[in-house]
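Right, one structure below, let's go through it.
Along the sequence shown, residues are numbered consecutively beginning with 1. Quantities reported herein were computed from a predicted structural model and do not represent experimental measurements.
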Amino acid sequence: MSRSLEPRIATDADFEPIGTLIARAFLSDTETVDFERHRPLFEPERAHVIDDAGVPVATGAVRTRDLTVPGAVVPAAHVTGVAVASTHRRRGLLSSIMTTQLNAVREQGSEPIAVLWASEGAIYGRYGYGLASWAVGYDVDVRETAVPGGLPASARLRQAVPKEAVAELAGVLDRIRPDAPGLSSRSTKKWEFMTADAPSGRHGMSAENAVLYEHDGRVDGYARYRTQGGWGSNGPTGTVQVTEVVSATPEAHAALWRYLLSIDLARKVTYRFGAVDDPLPHMVTNPDGLGASLSPALWVRIVDVPGALAARRYAVPVDVVIEVSDERLAGNAGRWRLVGDTESASCQASDAEPDLSLDVAELGSVYLGGVSLTTLAATGLVTEHTTGAVPTVSAAFGWRRAPSALEIF
């Protein structure tokens, strides 16, 4: 690669050119993109860009946020805005951006993991990312299923405009986030961005609505959603597009879904970010009516093996030596003794013989507790050296809740 095609750190002046590059890479109409809406989230010092003749042709950025992992909340580099101009594909620019970014995160030292959503799943495994969680999508025919029951006497549902109820929405999310692997922190700027509800982001749907579940005067849950009316030869054909459902109690969860599946004139309800262990299929009268589907969600990259493994907690006690390979971050490669349980954990370099060995991508896959080490071993991606190590360590890396993510960042 020539010197002119080396990554550099972005500046404030790069914001719109980078935005144009990303919009084109994701096949968006650059004339309709509201670039200024995204500006408050731009962290130029954490973005890299490659120029050709003064024009950005490759980029990748990090957002500074925390991520809940089993038993803890840790700083995590939230990778976003990765793009290469179609005129500059297959020239090593993506590898250069991703490698530079990983090294920058490691050198910064405070984030033991990076996390992203993959627009194309075949790309990021080569950089040490492992698929760590799944999302359940729902395409519900509301004539085929429902949530039975009614509201408790001490509860009510209240309509709200999301941007006018940010404090209440954030309060619910902050209550559940410490015990919900896969959820990311949201700053005030992030909440403002998510609830700004610019017309350019509605894509033919209504302005965003919110419904809050209150019990004894306290907000225990909320749902954000949009609607779209329609009529056919057999009557109404309206759609409800759910943005997110967040609940702190089972009663709130049931009440919110009961409401969403019974909005007048709606015949279809869609949602993209269901958790794989969501109780909804067991709450409805007919689970087939949910039209459930599964898709990849979060990919995790371990940037600092001992830091990452010591940061999370373990479902059952574990004392194991793990041999990790990592082609891109040499400091991760080696043997590590992990000792941990539900209360504490430590991870140190070790000269002992390994109990099992795996690549850093597989370690990222199991990190959030949503992918079984036993499953990966069955594919040949994990090698067991001590008999019984795989099921024992697999149980330790599991968790009481499956990881889930509420947003693409």
Side-chain angles (χ1 to χ4, degrees), residues 14-44 47 59-65 78-83 115-120 135 137-140 159-170 172-173 183-212 222-230 237-246 256 260 263 265-266 268-274 295 297-298 404-409:
D14 292 310
F15 171 72
E16 191 160 335
I18 286 176
T20 299
L21 169 63
I22 294 170
R24 287 174 176 163
F26 284 86
L27 309 183
S28 298
D29 182 354
T30 57
E31 293 184 357
T32 63
V33 174
D34 184 0
F35 290 111
E36 288 305 311
R37 177 171 171 259
H38 294 261
R39 188 180 289 275
L41 302 181
F42 184 50
E43 299 177 56
T59 189
V62 166
R63 299 288 182 263
T64 303
R65 303 174 71 177
H78 284 57
V79 175
T80 187
V82 178
V115 60
L116 58 76
W117 285 79
S119 56
E120 293 186 85
Y138 295 116
D139 191 356
V140 188
Q159 291 276 357
V161 177
K163 64 183 177 182
E164 297 174 359
V166 166
E168 293 168 300
L169 307 186
V172 178
L173 184 62
L183 295 192
S184 300
S185 61
R186 290 182 186 171
S187 65
T188 299
K189 288 182 179 180
K190 182 64 175 178
W191 272 109
E192 291 174 351
F193 172 82
M194 296 185 72
T195 60
D197 198 20
S200 60
R202 296 175 186 173
H203 305 294
M205 305 295 290
S206 72
E208 191 171 65
N209 302 286
V211 60
L212 281 59
Y222 70 85
R224 293 165 49 213
Y225 65 96
R226 302 181 187 276
T227 58
Q228 183 182 56
T237 60
T239 297
V240 177
Q241 185 182 83
V242 181
T243 308
E244 64 182 5
V245 180
V246 178
L256 291 169
L260 293 168
I263 293 175
L265 305 182
K268 182 170 74 171
V269 175
T270 65
Y271 184 46
R272 184 173 180 181
F273 300 107
S295 60
L298 294 176
S404 64
L406 291 174
E407 58 177 285
I408 296 176
F409 45 82

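- Interatomic distance, OG1 of T227 versus CG of L260, reported as 11.5 Å (0.5 Å rounding).
- A distance-only check finds no donor-acceptor pair linking the side chain of Q241 to the backbone of M205 [under 3.5 Å].
- For R224, the CZ atom is densely surrounded, since the number of other residues' heavy atoms within 6.0 Å is greater than 12.
- Taking a cutoff of 4.0 Å between a charged side-chain nitrogen and a carboxylate oxygen, R39 and E36 qualify as a salt bridge.
- The shortest distance between side-chain heavy atoms of V211 and Y222 does not fall below 4.5 Å.
- Distance check, rounded to the nearest 0.5 Å: NE2 of H203 to CD of Q228 gives 12.0 Å.
- Every side chain to side chain contact (heavy atoms under 4.5 Å, CB included) that T80 has, sequence neighbours left out, goes to A61, R63.
- Of all heavy-atom pairs spanning A405 and L183, the tightest one is CA-CD2, 4.3 Å.
- Taking each heavy atom of F409 and V79 in turn, the nearest pair found is CE1-O, 3.5 Å.
- Distance CG/D14 to OG1/T20: 11.5 Å, rounded to 0.5 Å.
- Under the side-chain hydrogen bond (donor to acceptor under 3.5 Å, both in side chains) criterion, Y225 pairs with Q159, Y259, sequence neighbours left out.
- Counting all heavy atoms, side chain and backbone alike, S206 lies closest to N209 at OG-ND2, 3.8 Å.
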(message) F35 vs I18, test: side chain to side chain contact (heavy atoms under 4.5 Å, CB included). Steps then yes/no.
(response) CA-CA 10 Å; F35 290 111; I18 286 176; over 6 Å; no
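- Here CD1 of I22 is found 13.0 Å from OG1 of T30. Values are rounded to the nearest 0.5 Å.
- Of the candidates R37, R226, K163, R226 is the only one forming a salt bridge (Lys or Arg N to Asp or Glu O under 4.0 Å) with D197.
- Summarising the geometry of A297 relative to A135, their closest heavy-atom pair is CB-N, 3.9 Å, with the distance given to 0.1 Å.
- The CD atom of E168 sits 14.0 Å away from atom CG of L173, with the distance rounded to the nearest 0.5 Å.
- Of all non-hydrogen atoms in L256 and A223, the two that sit nearest each other are CD2-N, 4.0 Å.
- If you run side chain to side chain donor-acceptor pair (under 3.5 Å) between S184 and each of K190, R65, H78, E407, only H78 comes through.
- Below 30°, between 30° and 60°, or above 60°: for Y271 and Y138 the angle between ring planes is below 30°, a parallel geometry.
- A 4.5 Å side-chain heavy-atom check between R186 and L406 finds at least one atom pair inside the cut-off.
- In this structure, T237 contributes its side chain and G230 its backbone to a donor-acceptor pair below 3.5 Å.
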(message) Go through it in stages, so that I can follow the logic: the residues are K189 and L41, the test is side chain to side chain contact (heavy atoms under 4.5 Å, CB included), and I'd like the CA-CA distance, side-chain angles, deciding distance and then a yes or no.
(response) CA-CA 7 Å; K189 288 182 179 180; L41 302 181; 4.3 Å; yes
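- Here D139 contributes atom CG and R272 contributes atom CZ; the two are 13.0 Å apart, rounded to the nearest 0.5 Å.
- With a 4.5 Å cut-off on side-chain heavy atoms, V33 and F26 do not count as touching.
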(message) As a quick check of understanding, evaluate side chain to side chain contact (heavy atoms under 4.5 Å, CB included) for L169 and L212, giving each step before the final call.
(response) CA-CA 8 Å; L169 307 186; L212 281 59; 4.2 Å; yes
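- The closest side-chain heavy-atom distance from F273 to I408 is below 4.5 Å.
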